[in-house]
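These numbers were taken from a predicted model, which means no experiment stands behind them.
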2 protein chains.
Amino acid sequence: MSETIEAQERVTAPRPYHHGDLARVLAEAAAALVRETGVNGFSLRECARRAGVAHSAPGHHYGDVTGLLTEVAARGFLDLARALASACSGTSGAPVLARLARRYVDFALTDPIIFGLMFHSDRVNRGSPRFQRAGEEAFAQLVRAVAEARGQPTADADALRFAWASMHGMAMLLIDGPLVPAGGNRRGGAADLATGTIERMVFAVTRFDGQRKSRSG
Amino acid sequence: MSETIEAQERVTAPRPYHHGDLARVLAEAAAALVRETGVNGFSLRECARRAGVAHSAPGHHYGDVTGLLTEVAARGFLDLARALASACSGTSGAPVLARLARRYVDFALTDPIIFGLMFHSDRVNRGSPRFQRAGEEAFAQLVRAVAEARGQPTADADALRFAWASMHGMAMLLIDGPLVPAGGNRRGGAADLATGTIERMVFAVTRFDGQRKSRSG
DNA sequence: CTTTTATTGTGACGACGTCAAGATTGTTGA
DNA sequence: TCAACAATCTTGACGTCGTCACAATAAAAG
């Protein structure tokens with residue numbers, strides 16, 4: 001989705017320095033490289049090689065490897081926020097939450113390594129303002145969906161945590177393998193395994209109301 | 001818990017090679033090092049240094065860094081299985097599942113880095129038989145708890161996935177930070193945040209029965 | 001006691017991240 | 001137009017890393 005935009009920017013943008021914007025090229029090369037080799041196999045030098053620049057060029061733009069991977073993770077959260085927003089638009093009530101959860105799991109299964117980088121890699125700086133802002137943007141979509149599902153103006157904190165935990169846990173377990181039966185590609189069969197979990201999640205979010213031990217009432 | 005056992009083994013075991021059992025010492029040093037520096041900061045050479053052996057000694061026992069970290073992860077699953085089993089013993093019915101989930105989250109918050117290594121590190125070989133056996137041992141505890149909570153001899157697959165996803169997602173989100181409010185140690189305040197999620201999880205596992213769209217019946 | 005095997009150490013290799021210093025290009029102000 | 005400056009990129013070096021071939025050592029077997 002970036003080719004045409006890039007061509008436009010090549011003309012309109014002031015082209016601030018030598019290479020065209022190396023920072024963006026490096027970030028995109030880094031994302032591609034991470035997808036290929038895993039977070040662990042990622043290397044700054046290989047990334048520079050693919051961008052056609054010297055091995056130390058990434059350092060000038062991002063400081064160190066953590067800085068670059070933090071940028072990649074932040075972009076991942078922006079993508080996730082967009083995906084969740086588009087999944088919810090044009091719907092209301094409980095189905096909003098179900099559709100958001102489905103999209104959340106789909107995103108994770110489509111880009112599992114980036115997803116892992118976003119949430120649990122010790123190679124990203126979670127204190128980075130840009131990273132946090134991107135995360136909050138995605139989080140806001142979740143808050144809206146939970147409030148909508150419960151028919152309330154604001155999301156209950158416990159319900160919110162539960163909803164997020166359920167879809168996030170499902171995504172994690174499907175990515176990391178322990179739940180997916182052998183043989184069967186990830187995108188197809190695995191995503192179906194999430195259906196029952198999503199149903200139960202929506203069920204509990206909409207029906208559970210803190211009734212402690214009073215099941216006969 | 002290993003000092004006295006070690007003393008015993010020093011006598012009873014045939015002491016198969018030079019160092020006493022270097023393999024075990026290396027695995028323990030590796031676990032400690034991972035806890036200190038994170039999975040990413042781990043280094044075979046530093047591990048060997050702490051065990052007081054040559055830099056290539058770990059390679060002779062575990063092949064490469066993945067082999068050693070796989071052993072650490074497998075040990076983590078054995079620990080988890082033990083913890084879950086002890087949490088469930090002496091109880092029955094739905095509370096079993098609640099207690100198991102609580103223990104699951106506690107385990108994750110107590111040893112977050114090892115927990116992360118166990119589930120999603122590209123530095124462990126998930127095809128390793130030892131690793132898989134250890135994982136299945138922990139999984140078996142979960143299966144038992146879900147069956148017990150539903151009063152059935154065998155666990156429903158959908159309910160099982162949902163239960164695991166909920167507790168696992170909660171653990172992940174608490175470890176990785178996005179859910180825990182600033183300032184407040186992990187073990188105390190964070191674990192309390194799981195309570196509502198666990199309640200809802202048990203609620204859905206025991207009450208949801210595939211009633212599709214028939215809310216008025 | 002000698003031979004064989006299992007366990008550990010030495011040394012080397014290329015790849016990595018990071019830093020300092022120099023080279024190159026764009027910008028700015030007269 | 002041109003010189004001074006700042007931003008951008010390259011070169012080269014340093015220490016650390018994982019891994020491998022090979023040597024050394026100790027246990028086991030005969």
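- Taken residue by residue, residues 37-51 of chain B places heavy atoms nearer than 4.0 Å to DNA chain D at B:Ser43, B:Leu44, B:Arg45, B:Arg49.
- The interatomic distance linking A:His61 (NE2) with C:dT18 (P) rounds to 15 Å, in whole Å.
- Helix bend of the helix from C:dC1-D:dG30 to C:dA30-D:dT1: the angle between its two end axes, each built from five pairs, comes to 0° after rounding to 10°.
- For A:His55 and D:dC9, the shortest distance from a side-chain N or O to OP1 or OP2 is not below 4.0 Å.
- Atom-to-atom, OH of A:Tyr62 to P of D:dC9 comes out at 11 Å; the value is rounded to the nearest Å.
- At least one side-chain heavy atom of A:Phe107 sits less than 4.5 Å from a side-chain heavy atom of A:Asp79.
- Residues B:Arg103 and B:Leu80 are not in side-chain contact: their nearest non-hydrogen atoms beyond the backbone lie 4.5 Å or more apart.
- In this model, a side-chain donor or acceptor of A:Ser56 finds a partner on the base of D:dT11 within 3.5 Å.
- By the 30° and 60° cut-offs, the orientation of the rings of B:Phe162 relative to A:Phe162 is perpendicular.
- Checking side-chain atoms of B:Arg102 against main-chain N and O of B:Ala191 turns up a donor-acceptor pair under 3.5 Å.
- Relative ring orientation between B:Tyr104 and B:Phe115 is described as perpendicular, the plane-to-plane angle rising above 60° on a 0-90° scale split at 30° and 60°.
- Ionic pairing of A:Asp122 and B:Arg123 is not present here: no N-O contact between side-chain nitrogen and carboxylate oxygen is shorter than 4.0 angstrom.
- A donor-acceptor contact closer than 3.5 angstrom is absent between the side chains of B:Thr70 and B:Arg126.
- If you measure from atom CG of A:Leu22 to atom P of D:dA7, you get 17 Å, rounded to the nearest angstrom.
- Salt bridge status for B:Arg200 with A:Asp156: present, with a side-chain N to carboxylate O gap under 4.0 Å.
- Judged by ring centres under 5.5 Å apart and planes tilted less than 30 degrees, A:His60 fails to stack against the six-membered base ring of D:dT8.
- As rounded to whole Å, 13 Å separates atom C1' of C:dC16 from atom CG of A:Leu33.
- No side-chain heavy atom of A:Phe119 sits under 4.5 Å from any side-chain heavy atom of B:His120.
- Mapping B:Gly52 and A:Asp64 onto DNA chain C via the closest heavy atom, the residue that lands nearer the 5' end is B:Gly52.
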